[in-house]
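Computed over heavy atoms, backbone and side chain alike; hydrogens, waters and symmetry mates excluded. Read the numbers this way: they start at 1 and go in the same order the structure lists the ligands and their atoms. Residues: numbered from 1 along the sequence shown.
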Amino acid sequence: MNDFAFSTVAHVVSETGAAGRLGQHIQSRFPNVRRALLVTDPGFLKTGLVDAPAASLRSAGLAVEIYSQVVADPPEVVVLEAVGAARAFRADIVIGLGGGSSMDVAKLIAVLADSDQPISGIYGIGNVKGARLPLVQIPTTAGTGSEVTNIAIVTTGATTKMGVVAPQLYADLVLLDAELTIGLPPAVTAATGIDAMVHAIEAYTSKHKKNPLSDILARKALGLLSANLITVCENGRDLAARQAMLLGAMLAGQAFSNAPVAAVHALAYPIGGIFHVPHGLSNSLVLPHVLRFNAPEAAGLYAELAEIVVPAATGSAEARAEALAVAMQQIATVTGIERTLQQVGIVEADLDRLADDAMLQTRLLGNNPRLVTREDARAIYAAAL
Ligand SMILES: NC(=O)c1ccc[n+]([C@@H]2O[C@H](COP(=O)([O-])OP(=O)(O)OC[C@H]3O[C@@H](n4cnc5c(N)ncnc54)[C@H](O)[C@@H]3O)[C@@H](O)[C@H]2O)c1
Ligand SMILES: [Fe+2]
């Protein structure tokens, strides 16, 4: 077995209704904090589900400010504005309450609000200096796993994103509360759920950092996600299934935070960057085609995962790996999300640019079980067209 290291968030509470008791959770873990900044986006604010956690904080004696201007794939200017809001309010604890976008912004606020470092100095791996404000993460999508990752992704140009990777980005506390996710629209539920499944699949086949803890987490995550995804798309109010999705997405996040994702994400990023397709959907569009491309190197591992996602699959490792690809395509079909690049407005003439951009994702491509050349990337996009 290879040597490995594994890190994650120290405290996790998976409990339907936990967000309504946020004040008590914070009081017991951070008795000295007084001024809480809740970070969310306008879409989630509109659901009214911010009210209960905010009220709970107030009844625990904390002053509360809600920053609700996060946008999907947050641009740098939004992060800086949010940091400014935290400073103006003199926040002493930051709470991400939303999808990956809000949680990523919360991480960066916690790091930058009390620091002299400019944001330009923290991009890349291990460049954050010093301590951060206390940080709590409460996901409202079951997707990115950002609540337990040490990564924040910022949109830095018209089509470019940069990542901040640092141990300080691991939160102090995570609450998983299905009540927050009941209003998540079916299409967002499907795409974010597939994103979480991709995290588990790519962690399990990650080339250099695959490790036994990530493997266990990825397998458990895939079991929960594949058993509950269709249910929550068909009946968004099924709290038990919603809680299982949140848990699955978090376990997948713990897995890929230590055994990083690969070509599916590398090829998805340009789709999101250039065409503003949501992260989960971008992944879903290329997923089956990357699985088929990788099969010559990874069929054995995919077959192990097929036993979880499609237990009825039989035959050779290659046959079961193909069954996994088909099962993932079926999830997209049943949930009614887009299945081809053309459906999101991409045409043949765009494929060269997509392939060029995907090749820039060297960090991710290096984790892929099979070497991806530029021609391979273009062929995968062509298959997904
Ligand atoms: N840090 C990481 O580890 C990591 C990993 C993957 C992706 N990301 C980043 O995460 C972001 C994507 O996050 P996401 O897919 O969770 O989506 P998101 O946070 O961008 O939210 C998507 C939409 O869903 C709405 N929404 C969220 N929760 C809702 C709820 N409970 N009810 C109703 N509407 C709700 C929001 O208002 C928003 O319009 C991207 O910026 C991506 O780069 C980060
Ligand atoms: Fe992802």
Test log, rule salt bridge (charged side-chain N to carboxylate O under 4.0 Å, His left out), inputs R21 and E15: CA-CA 10 Å; R21 293 183 282 280; E15 176 188 285; 2.8 Å; yes
task: Can you establish whether the number of heavy atoms outside Q343 located under 6.0 Å from its atom CD is more than 12?
output: yes
task: Answer yes if the side chains of T231 and N228 hold a donor-acceptor pair under 3.5 Å, and no otherwise.
output: no
- prompt: Does atom 25 (C) of ligand 1 have any protein heavy atom closer than 4.0 Å?
  reply: no
field: Contact atoms of ligand 1, heavy-atom distance to T47 under 4.0 Å
entry: 32 (N), 33 (C)
- prompt: Does an N or O from T141, backbone or side chain, lie closer than 3.5 Å to an N or O of ligand 1?
  reply: yes
message: Considering both backbone and side-chain atoms of T140, is one of its nitrogen or oxygen atoms within less than 3.5 Å of a nitrogen or oxygen in ligand 1?
response: yes
message: Which residue and atom name correspond to the protein heavy atom nearest atom 17 (O) of ligand 1, and how close is it?
response: G100 N, 4.2 Å
- prompt: Any chance the side chains of Y302 and E322 put a donor and an acceptor closer than 3.5 Å?
  reply: no
- prompt: Taking N or O atoms only and a 3.5 Å limit, does T181 qualify as a polar contact for ligand 1?
  reply: no
query: Should T156 and Y123 be marked as a side-chain hydrogen bond (donor to acceptor under 3.5 Å, both in side chains) after you check the CA-CA gap, both sets of side-chain angles, and the distance that decides it?
result: CA-CA 10 Å; T156 48; Y123 292 120; 6.0 Å; no
query: Closest non-hydrogen protein atom to atom 35 (C) of ligand 1, residue and atom name please, with distance?
result: L184 CD1, 3.4 Å
- request: For P74, take its heavy atoms, then give the atoms of ligand 1 lying under 4.0 Å from any of them.
  value: 41 (O)
task: Of the side chain and backbone of L180, name the one, both, or neither that has a heavy atom under 4.0 Å from an atom of ligand 1.
output: backbone
- prompt: Considering only heavy atoms, does M103 approach ligand 1 within less than 4.0 Å through its side chain, its backbone, both, or neither?
  reply: neither
- prompt: What is the nearest protein non-hydrogen atom to atom 39 (O) of ligand 1, stated with its residue, atom name and distance?
  reply: D41 OD1, 4.3 Å
statement: At under 4.0 Å between heavy atoms, what of D73 touches ligand 1? The answer is both
- prompt: Do H265 and E202 have side-chain atoms, one donor and one acceptor, less than 3.5 Å apart?
  reply: yes
task: Measure from NZ or CZ of K210 to the centre of the six-membered ring of Y204, then state whether that distance is under 6.0 Å and the direction lies within 45° of the axis.
output: yes
message: Could you tell me if the side chain of Q342 sits less than 4.5 Å from the side chain of V347, heavy atoms only?
response: no
query: Does N367 reach the main-chain N or O of S206 with its side chain, forming a donor-acceptor pair under 3.5 Å?
result: no
- line: Per-atom filter on ligand 1: closer than 4.0 angstrom to a heavy atom of G43 are 37 (O)
- prompt: Should the proximity of T149 to ligand 1, defined as any heavy atom under 4.0 Å, be assigned to the side chain, the backbone, both, or neither?
  reply: side chain
- prompt: Just distances here: any N/O of A72 and N/O of ligand 1 closer than 3.5 Å?
  reply: no
query: Nearest heavy-atom pair of L246 and A142: which atoms, and what distance?
result: N-CB, 3.8 Å
query: Among K46, H279, E147, whose heavy atom sits nearest atom 6 (C) of ligand 1?
result: H279
message: Using modelled atom types and a 3.5 Å cut-off, is there a donor and acceptor pairing between side-chain atoms of R339 and backbone atoms of Q329?
response: no
task: For D195 and H279, test the side chains for any donor-to-acceptor distance below 3.5 angstrom and give the result as yes or no.
output: yes
query: Side chains of Y170 and T149: donor-acceptor distance under 3.5 Å anywhere?
result: no
Nitrogen or oxygen of S146 less than 3.5 angstrom from that of ligand 1: yes
message: Considering both backbone and side-chain atoms of D104, is one of its nitrogen or oxygen atoms within less than 3.5 Å of a nitrogen or oxygen in ligand 1?
response: yes
task: Please lay out, stage by stage, how D73 and K161 fare under the test salt bridge (charged side-chain N to carboxylate O under 4.0 Å, His left out).
output: CA-CA 8 Å; D73 303 304; K161 284 184 167 191; 2.7 Å; yes
query: If you stand at the Fe ion (ligand 2) and look out to NE2 of H199 and NE2 of H265, what angle do those two lines make, to 10°?
result: 100°
task: Quick one: look at T192 and ligand 1, take heavy-atom pairs under 4.0 Å, and tell me if it's side chain, backbone, both or neither.
output: side chain
message: If you measure every N or O of V188 against every N or O of ligand 1, does any of those distances drop under 3.5 Å?
response: no
message: Is it the case that the side chains of T16 and Q243 hold a donor-acceptor pair, with the cut-off being a distance below 3.5 Å and no angle test?
response: yes
query: Backbone or side chain, does any N or O of D195 fall under 3.5 Å from an N or O of ligand 1?
result: no
Polar proximity ligand 1 side, K161 side, N/O cut 3.5 Å exclusive: yes
- request: Verify whether one side chain among T189 and R242 offers a donor that lies under 3.5 Å from an acceptor in the other.
  value: yes
statement: ligand 1 atoms nearer than 4.0 angstrom to some heavy atom of G99 are 16 (O), 19 (O)
query: Looking only at heavy atoms of K107, does any of them come nearer than 4.0 Å to an atom of ligand 1?
result: yes
task: Say whether S101, considering both its backbone and side-chain N or O atoms, lies within less than 3.5 Å of an N or O atom on ligand 1.
output: yes
field: 4.0 Å protein heavy-atom contact status of atom 2 (C) of ligand 1, strictly under
entry: yes
message: Restricting to non-hydrogen atoms, name the atom on N150 and the atom on K107 that form the minimum distance, rounded to 0.1 Å.
response: N-NZ, 4.4 Å
- prompt: Are any of the heavy atoms in G183 under 4.0 Å away from ligand 1?
  reply: yes
query: Within less than 4.0 angstrom of ligand 1, does H265 place any heavy atom?
result: no
- prompt: Can P278 be said to touch ligand 1, with heavy atoms closer than 4.0 Å?
  reply: no
field: Distance-only side-chain donor-acceptor flag, N211 / S214, under 3.5 Å
entry: yes
D195: its N/O/S atom lying closest to the Fe ion (ligand 2) (atom name): OD1
